[in-house]
There are 2 protein chains.
Amino acid sequence: MQLSEWLTGQADDSLHTIREFKRGDRIYSTGDTPEYLYLVSSGLVGLTILSPAGAEHLLRLFGRGSYFGHRSFLAQETYHADAIALEPTRIYCVPGEFVRSALKNDFQLTSDLLQQLARDLGRAERQRVDWLEADVNSRVAQALIYLKERYGQHRWTRAEIASFCGSTVSTVIKTLARFEDQGWISQQGREIIVRDRHALLALSAEDS
Amino acid sequence: MQLSEWLTGQADDSLHTIREFKRGDRIYSTGDTPEYLYLVSSGLVGLTILSPAGAEHLLRLFGRGSYFGHRSFLAQETYHADAIALEPTRIYCVPGEFVRSALKNDFQLTSDLLQQLARDLGRAERQRVDWLEADVNSRVAQALIYLKERYGQHRWTRAEIASFCGSTVSTVIKTLARFEDQGWISQQGREIIVRDRHALLALSAEDS
DNA sequence: CGTTAGTTTGAGGCAGATCAACTTTGGTGG
DNA sequence: CCACCAAAGTTGATCTGCCTCAAACTAACG
């Protein structure tokens with residue numbers, strides 16, 4: 001059994017609290033002590049970290065059925081990022097102690113979690129290296145495809161895209177304009193439509 | 001009990017192979033399938049990932065008593081990086097299956113590993129954000145202090161420092177020259193001596 | 001003492017950040 | 001339903017940190 005399934009079960013059994021958030025609301029803040037694991041019932045949650053210079057960076061996203069808050073809980077550290085609702089969101093809060101004892105008694109659950117963390121770590125490390133050399137074109141292209149395909153229901157702002165791919169609003173806008181000139185995408189007001197997914201992905205590959 | 005202790009025990013019990021490497025030797029390569037966990041008996045091992053453009057990036061380091069190879073093993077993925085001996089190195093290789101069954105029977109061991117991975121993930125994510133804005137000065141300063149204090153016995157080359165802090169050999173050398181002008185460090189041939197640790201650390205803090 | 005690995009320096013260029021002024025969008029309440 | 005206003009988007013000018021490249025020098029090791 002996977003942890004998300006188990007958490008869903010807990011939610012059904014009412015061993016939980018339900019909380020509602022609207023866009024921009026904060027679920028927890030950097031430095032808080034973890035007490036719960038969170039399971040998204042509906043909506044969208046973003047994990048944002050504040051850089052020394054004050055810019056917000058979007059680290060990870062959690063949609064319906066995803067759980068979060070586990071990293072800090074397992075590390076026994078305080079949160080290293082803020083969890084913010086990007087849309088009106090409904091969340092199950094499962095007390096950490098329930099989770100801990102479940103892990104103790106169910107190796108399958110633990111094993112699943114180990115695998116999850118190990119994969120996340122791999123992704124994070126590879127991404128750090130990729131980003132160091134990838135230009136803004138490929139970072140924006142990748143971000144665009146990921147955000148639109150994985151969380152297509154959300155109306156992504158230029159600011160959110162910028163904070164996800166580690167750039168600035170101005171630069172993202174200029175990049176999108178360039179993409180539109182090429183016919184890779186089209187923009188109608190705030191809406192962005194991907195026209196040529198293949199061409200966008202090619203940007204990441206063609207590293208001279 | 002921590003995993004490193006357990007692995008040490010396994011080493012003593014001879015449930016292992018011992019292998020020796022000299023500087024530059026490869027312990028495993030990106031894409032290989034994990035079969036062992038590795039425990040460093042002596043020497044120094046670096047995990048390096050090859051960027052799309054062909055530059056080597058030093059991700060993590062493992063000295064005497066540290067284990068590595070666990071991330072890919074737990075993720076059930078092939079290796080995402082190369083493990084290279086940075087000095088003459090002696091390593092215990094413990095078959096992965098031994099480890100897996102030990103984890104199954106010892107929750108304490110597993111719990112320790114979960115915590116380790118969760119902390120590494122936090123570090124990796126925070127570092128990605130920090131690096132996006134930190135200039136070369138602060139990156140080199142941080143790298144210098146970490147490498148010298150944590151692995152002081154190793155003669156670090158400019159290339160190793162560059163690959164650890166995501167820069168180039170030329171830039172690292174110019175930065176070190178600047179530091180020397182300021183009196184933060186002094187250089188004698190290839191040797192670097194930190195003179196003012198405090199001033200170097202201040203570079204990371206003073207983000208305008 | 002030759003050869004390789006490591007270090008140094010300078011010139012030149014460019015991607016992308018910054019800043020500031022401006023326009024558009026779309027939701028809200030009157 | 002319209003007017004308004006805050007939030008979101010757009011554009012151009014400017015600036016600079018760091019990479020690139022190339023050529024020479026120096027240390028270390030067999």
Side-chain angles (χ1 to χ4, degrees), chain A residues 22-24 51-57 84 86-88 129 131-141 143-144 154-181 185-193 203 206-208, chain B residues 22-25 51-58 84 86-88 129 131-141 143-144 154-181 185-193 203 206-208:
Chain A
K22 51 187 196 306
R23 174 169 167 84
S51 76
E56 292 215 320
H57 292 265
I84 310 273
L86 299 179
E87 297 176 357
V129 170
W131 277 22
L132 219 48
E133 296 187 344
D135 59 9
V136 164
N137 279 327
S138 64
R139 293 220 303 277
V140 171
L144 199 56
H154 184 70
R155 166 73 64 82
W156 295 100
T157 67
R158 312 302 192 255
E160 283 166 346
I161 296 171
S163 105
F164 187 73
C165 72
S167 181
T168 62
V169 175
S170 294
T171 302
V172 165
I173 286 169
K174 285 164 189 168
T175 305
L176 290 177
R178 238 173 290 139
F179 289 172
E180 194 167 27
D181 286 349
I185 65 170
S186 53
Q187 302 182 73
Q188 302 170 7
R190 295 179 175 173
E191 193 58 41
I192 303 168
I193 298 124
L203 288 175
E206 61 178 46
D207 266 78
S208 62
Chain B
K22 53 186 195 304
R23 175 170 167 81
D25 280 354
S51 77
E56 291 214 321
H57 292 265
L58 204 45
I84 310 274
L86 299 179
E87 297 176 359
V129 171
W131 278 20
L132 220 48
E133 298 189 343
D135 59 9
V136 164
N137 279 327
S138 64
R139 293 219 303 276
V140 171
L144 199 57
H154 183 71
R155 166 70 66 81
W156 294 101
T157 68
R158 312 302 191 252
E160 283 166 345
I161 296 171
S163 105
F164 187 73
C165 73
S167 182
T168 62
V169 175
S170 295
T171 301
V172 166
I173 286 168
K174 285 163 189 168
T175 306
L176 290 178
R178 239 174 292 137
F179 288 173
E180 194 167 27
D181 287 349
I185 65 169
S186 53
Q187 301 183 73
Q188 301 169 9
R190 296 180 173 173
E191 193 58 42
I192 304 167
I193 297 124
L203 289 175
E206 62 176 48
D207 267 78
S208 60

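Chain naming here is simple, since letters A, B, ... match the order of the sequence lines and numbering starts at 1 in each. When reading the values below, keep in mind they use all heavy atoms of this one structure, side chains included, and skip hydrogens, waters and symmetry mates.
Listed by chain and number, the residues in a salt bridge (charged side-chain N to carboxylate O under 4.0 Å, His left out) with Arg190(A) amount to none (sequence neighbours excluded). Residues passing the salt bridge (charged side-chain N to carboxylate O under 4.0 Å, His left out) test with Arg155(A) are Glu191(A), sequence neighbours excluded. Under the side chain to side chain contact (heavy atoms under 4.5 Å, CB included) criterion, Ile173(B) pairs with Arg158(B), Val169(B), not counting sequence neighbours.
Evaluated for a side chain to side chain contact (heavy atoms under 4.5 Å, CB included) with Val172(B), the options Leu176(B), Thr175(B), Thr168(B) yield exactly one hit, Leu176(B).
Rounded to 10 degrees, the angle separating the terminal helix axes of the helix from dC1(C)-dG30(D) to dG30(C)-dC1(D), each built from five base pairs, is 50°.
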Determine, for nucleotides 19-30 of chain D in 5'-to-3' order, which nucleotides have protein heavy atoms under 4.0 Å from the base (write B), from only the sugar-phosphate (write S), or from neither (write -).
-> SBB-----BS--
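Checking Arg23(B) against Gln188(A), the closest nucleotide of DNA chain C that is more toward the 5' end is the one next to Arg23(B). Heavy-atom distances to DNA chain C give each of Gln187(B) and Asn137(A) a nearest nucleotide, and the one nearer the 5′ end belongs to Gln187(B).
Using a 4.0 Å cutoff to heavy atoms of chain A, the contacted part of DNA chain C runs 5' to 3' from dG16(C) to dG26(C).
Side-chain atoms of Glu56(B) and Ser163(B) include no donor-acceptor pair closer than 3.5 Å.
Taking atom CH2 of residue Trp131(B) and atom P of nucleotide dC18(D), one finds them 13 Å apart after rounding to whole Å. Nucleotide dG9(D) holds its P atom 5 Å from the CZ atom of Arg158(A), rounded to whole Å. Glu180(A) places its CD atom 12 Å from the C1' atom of dT10(D), with the value rounded to the nearest Å. The interatomic distance linking Ile161(A) (CD1) with dA8(D) (C1') rounds to 12 Å, in whole Å.
Atom OG in Ser167(B) sits 9.5 Å away from atom CH2 in Trp131(B) (nearest 0.5 Å). Considering CG of Leu58(B) and CH2 of Trp156(B), their distance stands at 6.0 Å, rounded to 0.5 Å.
One finds a salt bridge joining Lys22(B) and Asp25(B) here, because a Lys/Arg side-chain nitrogen approaches an Asp/Glu carboxylate oxygen to under 4.0 Å. Between Glu160(A) and Arg23(A), at least one side-chain nitrogen of the basic residue sits less than 4.0 Å from a carboxylate oxygen of the acidic one, meeting the salt-bridge criterion.
For Glu133(B) (side chain) and Ser51(A) (main-chain N/O), no donor-acceptor pair under 3.5 Å exists by modelled atom type. Side chain of Asp135(B) to backbone of Ser138(B): a donor-acceptor contact under 3.5 angstrom is found.
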